[in-house]
Amino acid sequence: MSETRLNNEQQEFQEFCRRWLGENRPGPTKTPLPQAAYEVVDEEHRIYLSEWQAKCYQAGLIATDLPKEYGGHGHTGLQQIASAEVHRAKVPYFINWIGLGMTVPTLLAHGTEDQKKTFLPPIFTAEHIWCQGFSEPGAGSDLASLQTSAEKQGDHWVINGSKVWTSLGHFAQWMLLLARDDKHNKYGGITYFLAPMADPGITVKPIHKMTGESGFNEVFLDQVKIGDHLRVDEIGAGWKVAMSTLTSERGAGVGVGAVAGESPRLVMQQVINLAKDTIRNGKSVWDDPIWRDRLMKMYERTEAAIQNARRTKVKAINGGAMRIPLQSKVSGSEISQELHHLALGVLGLSSSLYTRDTHAADDGKWALGYMNTYTGTISGGSSEIQRNILGERVLGMPKTK
Amino acid sequence: MSETRLNNEQQEFQEFCRRWLGENRPGPTKTPLPQAAYEVVDEEHRIYLSEWQAKCYQAGLIATDLPKEYGGHGHTGLQQIASAEVHRAKVPYFINWIGLGMTVPTLLAHGTEDQKKTFLPPIFTAEHIWCQGFSEPGAGSDLASLQTSAEKQGDHWVINGSKVWTSLGHFAQWMLLLARDDKHNKYGGITYFLAPMADPGITVKPIHKMTGESGFNEVFLDQVKIGDHLRVDEIGAGWKVAMSTLTSERGAGVGVGAVAGESPRLVMQQVINLAKDTIRNGKSVWDDPIWRDRLMKMYERTEAAIQNARRTKVKAINGGAMRIPLQSKVSGSEISQELHHLALGVLGLSSSLYTRDTHAADDGKWALGYMNTYTGTISGGSSEIQRNILGERVLGMPKTK
Amino acid sequence: MSQPKDFGFNEDISMLKETFAKFLTEKQPINTLRPSLEGTEDPYHGATRAGFFDKDTWQQMIQLGWHAVAVPEEQGGIGMGLVAATALAEEIGRFALPTPLSTTLQACFLLRELKSAGADQLLSQIATGESVGLAIYGQQGSLNTDSTDVMHDAGTLTGTSWYVTDAQKLDHFIVAANSDNGIGLFKVSANQPGVTLEPDRIVDLTRDQACLVFSGAQAETLCEPGHGEPGLKAALPALLTLIAADIAGAAEWQLQATADYAKVRQQFDRPIGFFQAVKHPIVDIMIQTDATRSLVYNAACAFDFDRDDASRCAHLAKSSASDTASLASQCSTQLHGGIGFTWEADIQVYHKRQIHSEFMFGDGNWQRAKLAELI
Amino acid sequence: MSQPKDFGFNEDISMLKETFAKFLTEKQPINTLRPSLEGTEDPYHGATRAGFFDKDTWQQMIQLGWHAVAVPEEQGGIGMGLVAATALAEEIGRFALPTPLSTTLQACFLLRELKSAGADQLLSQIATGESVGLAIYGQQGSLNTDSTDVMHDAGTLTGTSWYVTDAQKLDHFIVAANSDNGIGLFKVSANQPGVTLEPDRIVDLTRDQACLVFSGAQAETLCEPGHGEPGLKAALPALLTLIAADIAGAAEWQLQATADYAKVRQQFDRPIGFFQAVKHPIVDIMIQTDATRSLVYNAACAFDFDRDDASRCAHLAKSSASDTASLASQCSTQLHGGIGFTWEADIQVYHKRQIHSEFMFGDGNWQRAKLAELI
């Protein structure tokens, strides 16, 4: 496995992280945590995860490399170490993943000095949970066709419309909001706002997913009032800003803290172990050459994803700065989906057993996880849209609009 | 296997066909025949195959059910039996496959009485070999963008332009020609002609394929004169007529004689036998469970194609008259391609050996056949175009133009 | 014996299929199912789900005689073959119908192979409207016919049958049980002493599933010890064909629902079906579904008319069906976009049924391994 | 030992790759190859094809030292590792270069493992510009290292080596031969008595291939009987990585050529790259090619820096590469439409090279079976 050569400060910090994470790992929750941060709905889990994130922030594992005036710890070259160690320690995820992963990079790139000073610190401590208000019922893959309107009235804006697939909307204090200031300009008529969820005009209604989970929401905005100081960047610059936010979502942006969950390599290993432990027709599934071949095909893809990520940083052979990063969302989500489907196949009939069935392997996580992989291949730019982007931006083919 | 219940006349005819084919099977050629009729270039082969076709026609195996005034034998319900028996007997293919498969159904549906009486008989005897002049260098998938021009001058037309992928162009006496009579009407500005290849304005130039074969040609038309009596259907009706010709090509038309070649079921069985006979890493390829699984997946698809064809005729369960027939071209050509690639995999390194290599399995037919499958997936409406047609005509989705 | 060209789809069977489809179109089973699911959705806290089916609908089906389609006339049934039963199974799949009929049809074809007084008796009970299912799996879920975890001794059963489909809907079970003399098949009833039904919490919303735990349950012999394996083996082609037909029907629904959605959902100022990234995968569902459908009709016809070829044809059908279940589910959910993974969309109901069916009676790999032995 | 993050792609190697690519860009090897093919095209009548390579280009490459990149400094070479050799192999693939360099690089990594006087001697000969290839296959083409059809006895060889790549281009061969004491490796030269080269008629236009028939040929020992298998096994990760790199390079060419064609070829009044049925498969070539490329760089780096992990990484690379060869060839030909299957289009030259490479040193199935043993 590859390793960076670390300088002394980095080595020391790495040791600190390992020690600290070893000593401060939180105990179990009363009811099991959902597989991903976007599925958290229990108040118990919210408190537990918020406290855990705040603690990690206090210890310096979040906002490690950011300036002190924005609540950061003011270091250089330590964030990647903190994030890697959080990942490696397999501790609970950070609940404020939208705040950390999207609001922070967006405000750093496009926010005013005031916005940065006001909004960044409570993101790190999870005092302010953030959600994202981009998609609408009629604007999914074609995000820029969004209809939620923003009308300027003096020093504030009045917002009307509705948003959908809003993870954490039920907990959030703030929303990253895209709204249309000009009906006649598809891409140039969108403005980007920071919207207070406490506004009386905002209603949040949970959506049930096929898994039965309800972390997604519809959000209705009725005469919501937003001060002009909560606008990000210029009027009409919303599309440009949103694209940079989505790029962060796709992992090409600056990290401020591990968001994590399980790595594909770990999940792959779990499926191989599952195959070794599952007996069918008189032998383990792993001992069946056909299943072994299918597992190795999948293993090859997970390893390729890891080596792809490594290659991104090697200029001589990366084929251009964005070629591999722009693949990571589509490849990652499709690998995850096929890997989970493969796990169902390994389990055979017992894949029918769901969460809380006493006989279900790993408490039904494979069926649950499989269904959740469709969130990955559909939202944040579906696989179809990703392939358009790759064909157009990387290979220079004409735009399919 | 399924069987029709035959009436007495049919049974008798079936017995006759079997006996006749058994007694009249032609001897071998000096040099081996190409895999398909569209690759015939040797004069020896042309003479041999033309004589064979004429003999079959005299015996009543071709044009069996057609009226006598067009050179047919005037029977009813016997053609399918003749075609099936020709197929089953594995005798050489009929060289005039374009004449039989396209000219005949086109003229039967759209030709004048004179055209039928003049042109059909010499097709059956292979006195007139036919070729097809539809595609042009700039008009492949977008066939209707063809540019070859037809200008009316009194009682005749003057044609200028060029055609490409013209099988049998080097032997043909006649060509099915599409030419543009109106530049301003894409689909309605095309007229359909019967063009005499003897015209001094026609030049035929062979194209080498990746296999090294040269059965395709470019055909250049320079001030070619065609009498108006050689026009098929109305001026401007060419696109409509061509679509009905292509439908015949896709096997939905009336048969006038087996065109044949090897059936997918036979080819599949050959690949299974190849796997049983090929030893690698100490055992037969068939004895490797992974290869066996891959072979069975392919076998499943070839059997499905056979059952699909059977289902076409059962109204209660065929899902509509055109649903399965319109699939047959794309499925058949893709199955053939994957099956041949699978055969290369079965052979492993020895798949590198080509025709006339003394050690090549089956004289290199698998590599040759594999490359030729791209003719199937590309010409006569590529697989991409076929999927458009299926999505639009069968499933009613909007047209991708 | 050779097959008729028309897959045995004569006037009677065409009519049967049409009438049954019309009946289910009026019922819209998912709308009836939905209320029974309320409160059970949440995977962490949701209430236990009952093995719902619409009892009125079932009574009407019995009155119309569909429950007895595959019961021989001697036992008071209609005496039709697998072609007819498969026609029903396909429609059950197409409407994702929660019903005791699926397993009862399976049971008929198993019982018909046993040719015993007990089996005939149970067929007669089916004819009167009682429902039956199969309890043949051990915990491994292997289809090896010798893999039961139930022991038989002196007329009583001890042990557990696993993955019993639709157990909460059924009156009787055919249990595979082992003994010193080999596998036998036995009848137990749902509410008799010594039989405990422990429902599984499963993903599929349209079926239920359970463990049947036997503690000295009295069992009636349907098939003597040692004869169970040949009986199951003879019936297997029918069982494979029925589940493959269910998948084919569900896939046809997934295909049509997705094509319909692609015609109305607008993005980039066009119905999404305009885009080849949507259109072509839908066409691929159709091609794959048609392959399965044709192989299913062929397998049913082979069972009725050319029994020597039935195993080969049935493995082909279920192998193809397993792949269809997976492809049609993946594509139909993906192409529905966000809607596709909501609870409210019916597309998820089919997706879950299909990934359950995919692994029933052996996955694709297993079918192909068996198939290769017959080639 | 652990791998450097940058795959060992330091300044020197980046420069080497770039210079080599620039050299080949100027040469345009396919244009030089074409005249040598004239008259050989027809599969039924075509003339025998010579094992063409451009001798001037080869001499220039020797002058620039590229032939000796992997020869240790002790033997007069440059002493670079597999990362450097892989960089060259990738460019050879990308330009579909007919050259003795591919097999000579393979030979270097095998010889380096043998640590014998004979092997060192042959490495020195490579350093002076002589070319070497491997003759290790029996007729089955199995990669089992004990499957040679050549016997060794008292310093002479009898029997046949099959599928000897680029045999007509080479000065010397490393022959795997069996004896009572097991497999040994031996050197023979191309024109020596008792060695007959029987060229194969092959599909691939950019390589040649032959049987080497030995009738009592004098052979120099490179590796004693019984030590051949460990030697081949130790070198195998390098051999796999080199052929996988060749495939990756060729696939990158197929990708770019197809994308370029899709930008210029017009149908339906638009460049065909507008249509998702064209655009998306091209993107899939890229995704698959990038996976292979990353696994190739990783495998080369593992061989140089983390030898314990080299086998695992190499099987991964060739497994991925075999699938890439197939996918990139299929799609690139298909998306070129009619042009794609003409002899004139370079796309067919790559297609044929790729389906040759796909099966060299074991197909994907074989790689994955070996991989599973290491997990």
Side-chain angles (χ1 to χ4, degrees), chain B residues 31-32 34 41-42 135 137-142 145 164-165 207-214 216 278-282 288 290-291 294 337 341 344-345 347-360 364 367-368 370-372 374-375 377-379 382-385 387-388 400-401, chain D residues 40-46 137 139-144 147 162-163 198-204 207 209 211 265-269 272 275-278 281 326 330 333-345 347-349 351-352 355-356 358-360 362-366 368-369:
Chain B
T31 55
V41 289
D42 285 8
S135 295
S141 288
D142 184 11
S145 68
V164 76
W165 318 126
I207 296 172
H208 279 89
K209 283 202 311 189
M210 70 186 290
T211 58
E213 295 165 302
S214 52
F216 284 145
T278 304
I279 310 293
R280 193 156 63 245
N281 299 315
D288 179 332
I290 302 168
W291 277 105
R294 292 177 64 180
Q337 189 163 98
H341 185 259
L344 301 188
L347 288 169
L349 255 191
S350 88
S351 68
S352 57
L353 306 176
Y354 203 34
T355 52
R356 296 192 291 141
D357 183 278
T358 43
H359 304 295
L368 181 67
Y370 167 69
M371 293 189 275
N372 269 327
Y374 287 90
T375 314
T377 55
I378 291 171
S379 47
S382 70
S383 295
E384 292 77 18
I385 296 295
R387 285 191 168 79
N388 280 351
T400 307
K401 67 146 253 151
Chain D
T40 72
E41 299 92 338
D42 187 325
Y44 310 108
H45 312 285
Y137 286 110
Q139 182 165 15
Q140 292 180 12
S142 301
L143 202 63
N144 281 359
S147 67
W162 292 75
Y163 311 111
E198 296 180 353
D200 295 340
R201 271 182 54 83
I202 63 172
V203 179
D204 186 353
R207 296 187 180 104
Q209 186 174 283
C211 287
R265 169 71 173 174
Q266 299 259 341
Q267 292 281 276
F268 305 102
D269 307 320
I272 58 172
F275 298 100
Q276 289 172 324
V278 173
S326 159
Q330 196 275 327
T333 297
Q334 177 70 23
L335 299 176
H336 271 75
I339 293 296
F341 59 74
T342 61
W343 185 273
E344 278 65 31
I347 204 86
Q348 62 102 354
V349 176
H351 195 138
K352 291 171 179 172
I355 58 173
H356 196 190
E358 182 180 354
F359 304 117
M360 285 179 161
D363 61 20
N365 291 357
W366 187 83
R368 289 186 290 273

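Keep in mind the model is a prediction, meaning the values are calculated, not measured. So you know, we letter chains A, B, ... as the sequences are listed, proteins then strands, and number each from 1. Only heavy atoms go into these numbers, but all of them, side chains included; no hydrogens, no water, no symmetry mates.
Closest approach of B:L344 to D:I355, counting heavy atoms only: CD1-CD1, 4.1 Å. Of all the heavy atoms in B:Y374 and D:F341, the pair that sits closest is O-CE2, 3.7 Å. The two atoms that bring B:M371 and D:V203 nearest to each other are CE-CG1, 3.9 Å, heavy atoms only. The heavy-atom pair separating B:S352 from D:Q209 by the smallest distance is OG-NE2, 3.0 Å. Pairing each heavy atom of B:R356 with each of D:H45, the nearest pair is NH2-C, 3.3 Å. The two residues B:E213 and D:P43 have their closest heavy-atom pair at CG-CG, 3.6 Å.
Checked by atom type and distance alone, the side chain of D:Q267 pairs as donor or acceptor with a backbone atom of B:G138 at under 3.5 Å. Although no hydrogens or angles enter the test, the distance criterion places no donor-acceptor pair under 3.5 Å between the side chain of B:E384 and the main chain of D:V278.
Proximity to chain D (any heavy atom under 4.5 Å) is shown, for B:A360, by neither the backbone nor the side chain. For B:D42, the part sitting under 4.5 Å from any heavy atom of chain D is the side chain, from C-beta outward, and nothing else. Heavy atoms closer than 4.5 Å to chain D are found in the side chain of B:L368, but not in its backbone. For a residue to count as touching a neighbouring chain, one of its non-hydrogen atoms must lie under 4.5 Å from one of that chain's; by this rule B:I207 touches chain D with the side chain only. Neither the backbone nor the side chain of B:S214 comes within contact range of chain D; no heavy atoms are under 4.5 Å apart. No part of B:T278 comes within reach of chain D, as not one of its non-hydrogen atoms sits under 4.5 angstrom from that chain. Of the two parts of B:P137, only the backbone, made up of N, CA, C and O, holds a non-hydrogen atom closer than 4.5 Å to a non-hydrogen atom of chain D. With a threshold of 4.5 angstrom between heavy atoms, B:R294 approaches chain D through side-chain atoms but not through N, CA, C or O.
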Task: Steps toward side chain to side chain contact (heavy atoms under 4.5 Å, CB included) verdict (B:S141, D:F268) - done: CA-CA 8 Å; B:S141 288; D:F268 305 102; 4.2 Å; yes
Open item on the list: One pair to check against side chain to side chain contact (heavy atoms under 4.5 Å, CB included): D:T342 and B:F216. What are the steps and the verdict?
Closed with: CA-CA 10 Å; D:T342 61; B:F216 284 145; over 6 Å; no
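Side-chain atoms of D:Y163 and B:H359 include no donor-acceptor pair closer than 3.5 Å. In this model, no donor atom of one side chain and acceptor atom of the other lie less than 3.5 Å apart for B:Q337 and D:Q334. Side-chain polar atoms of B:H208 and D:Q348 form no donor-acceptor pair below 3.5 angstrom.
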